[in-house]
Amino acid sequence: MVTGGSMTKRKPRAAEAAKPKPKSVTQVEADEASDIDMASDSDDSQINDNDDEEMAEPMLAGENASSENTTKTDEHKKGHPGAKPTNAEIMALNETSLLFKSNLFKLQVDELLSETSVAANTKPTRGLDAALKQIRDVLTSLGDVKEMSTDSASNYVRKQSKASGKLAMIPFPDPAPAVGMPISFAFMAPKVVNIVGSYPLGMAAQSHSGFNVDVVVQMPAELFQERDYLNFRYFYKRAFYVAVLLIGLQQHSAISELFD
């Protein structure tokens, strides 16, 4: 027996309403493909970064290698028999062809110069350089001599040289100063003592009797008067000055032995 009645439609629950609908097969395959593409992009970016770093290192290494190769090439060129001659070598070749006209003559001249040339501040001239320095120190430390007449100056030099054991005289030029000539002689230590000439330039030539060393001594300006250019006064005063310098060297025992 069937009884009739009103039928009501049941509403779905909230959980059932929020439940996601199942995806179709096509949607699932599309999502998986997009995930794979994103992962591959990230991997490619990392690989590219690593590649850049790895490529940067070989570039630096290549630059260093090229610089090292350039240095080695330059060194190889310097020692290579086919390298270009230097300026000094070109000058020597020109001198040989233009001046000497013969290689044998050039070799003979070089050998002669190596045996006879004397240069300052070298091992063979250490003793001479020390003696020259000592002479300069002695000359610059000499005492002053007061003004005196011509006769007094001659007597002074004679007495001082006799005391040192070696007689010396004033090397007056000819004609010698006349007796009573109005001229005064005095002495002050030199302000400048220099070694000049061929020896400091390395061009001194040694002979059987030795070689010369030029020494320049500057007289102080206080020893001269305005009219000393007249009547050989300058030359007379210079002669007296040289005589006093010689006496000062003779009275120094170490320097006196060098002159002996």
Side-chain angles (χ1 to χ4, degrees), residues 118-121 124-201 203-260:
V118 181
N121 299 322
T125 60
R126 287 180 180 176
L128 177 59
D129 294 335
L132 292 174
K133 183 179 182 302
Q134 192 173 9
I135 290 174
R136 182 185 61 186
D137 295 340
V138 171
L139 294 180
T140 54
S141 61
L142 294 177
D144 298 343
V145 177
K146 295 181 179 180
E147 292 185 357
M148 59 185 70
S149 62
T150 304
D151 296 338
S152 299
S154 299
N155 294 331
Y156 174 82
V157 172
R158 189 179 302 108
K159 290 180 181 179
Q160 293 295 326
S161 61
K162 188 176 181 179
S164 61
K166 297 178 181 180
L167 186 61
M169 298 179 64
I170 301 177
F172 285 130
D174 190 22
V179 178
M181 184 178 181
I183 182 175
S184 60
F185 297 92
F187 179 86
M188 297 176 65
K191 295 182 178 180
V192 177
V193 178
N194 290 330
I195 309 299
V196 297
S198 59
Y199 178 70
L201 296 177
M203 296 187 296
Q206 185 174 6
S207 63
H208 295 288
S209 59
F211 61 95
N212 297 326
V213 178
D214 300 323
V215 181
V216 171
V217 178
Q218 181 178 347
M219 299 173 61
E222 293 81 1
L223 299 178
F224 299 101
Q225 297 177 357
E226 184 179 357
R227 300 178 64 84
D228 281 345
Y229 64 93
L230 298 174
N231 301 326
F232 295 98
R233 290 183 181 180
Y234 165 76
F235 299 100
Y236 295 152
K237 289 186 176 183
R238 187 180 65 177
F240 174 76
Y241 197 86
V242 171
V244 177
L245 290 178
L246 177 60
I247 293 172
L249 294 176
Q250 290 177 348
Q251 292 177 349
H252 196 279
S253 59
I255 301 298
S256 180
E257 292 178 357
L258 295 176
F259 285 97
D260 294 339

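Just the heavy atoms: all of them, side chains too, but no hydrogens, waters or symmetry mates, feed the values below. Here, residue 1 is the first one in the sequence, and each next residue gets the next number. Note that the structure is predicted; figures quoted are calculated from it, not measured.
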Chemist: Are Gln251 and Gln160 close enough that a side-chain donor and a side-chain acceptor fall under 3.5 Å?
Modeler: yes
Chemist: With a 4.5 Å limit on heavy-atom distance, are the side chains of Asp174 and Phe232 in contact?
Modeler: no
Chemist: Is the closest side-chain heavy-atom distance between Phe240 and Ser154 below 4.5 Å?
Modeler: no
Chemist: List for me each residue that meets salt bridge (charged side-chain N to carboxylate O under 4.0 Å, His left out) alongside Asp228, sequence neighbours excluded, and say none if there are none.
Modeler: Lys237
Chemist: Any chance you could measure Lys162, atom NZ, to Ile247, atom CD1, to the nearest 0.5 Å?
Modeler: 13.5 Å
Chemist: List, one per line, each side-chain donor-acceptor pair under 3.5 Å for residues 181-195, sequence neighbours excluded.
Modeler:
none

Chemist: So which atom in Ala239 and which in Pro171 form the shortest heavy-atom distance, rounded to 0.1 Å?
Modeler: CB-O, 3.4 Å
Chemist: State which residues pass salt bridge (charged side-chain N to carboxylate O under 4.0 Å, His left out) with Asp151; sequence neighbours excluded, sorted by chain then number.
Modeler: none
Chemist: Considering the options Tyr236, Tyr234, Tyr241, Tyr229, which one meets the ring-ring contact (aromatic ring centres under 6.0 Å, His included) requirement together with Phe224?
Modeler: Tyr234
Chemist: Rounded to the nearest 0.5 Å, what separates atom CG in Asn121 from atom CG in Leu128?
Modeler: 10.0 Å
Chemist: Please report the closest heavy-atom contact between Ala205 and Phe211, naming both atoms and the distance.
Modeler: O-CB, 3.5 Å
Chemist: Please test Asp214 against Tyr199 for side chain to side chain contact (heavy atoms under 4.5 Å, CB included), starting from the C-alpha separation and ending with a verdict.
Modeler: CA-CA 8 Å; Asp214 300 323; Tyr199 178 70; over 6 Å; no
Chemist: Which is it for Val217 and Leu139 under the side chain to side chain contact (heavy atoms under 4.5 Å, CB included) test, yes or no, and what are the steps along the way?
Modeler: CA-CA 9 Å; Val217 178; Leu139 294 180; 4.3 Å; yes
Chemist: Could you state the interatomic distance from CD (Gln134) to CG (Leu249), rounded to the nearest 0.5 Å?
Modeler: 10.0 Å
Chemist: Backbone N or O of Ala119 within a donor-acceptor pair of the Thr125 side chain at under 3.5 Å?
Modeler: yes
Chemist: Closest heavy-atom contact between Ser152 and Ser149?
Modeler: OG-OG, 3.2 Å
Chemist: Any chance you could measure Gln206, atom CD, to Asn212, atom CG, to the nearest 0.5 Å?
Modeler: 11.5 Å
Chemist: Nearest 0.5 Å, please: how far is CE in Met219 from CZ in Arg238?
Modeler: 9.0 Å
Chemist: Please determine whether salt bridge (Lys or Arg N to Asp or Glu O under 4.0 Å) holds for the pair Asp129 and Lys133, giving the CA-CA distance in whole Å, both sets of side-chain angles, and the decisive distance to 0.1 Å.
Modeler: CA-CA 6 Å; Asp129 294 335; Lys133 183 179 182 302; over 6 Å; no
Chemist: What's the separation between atom CD1 in Ile170 and atom CG in Asn155, rounded to the nearest 0.5 Å?
Modeler: 9.0 Å
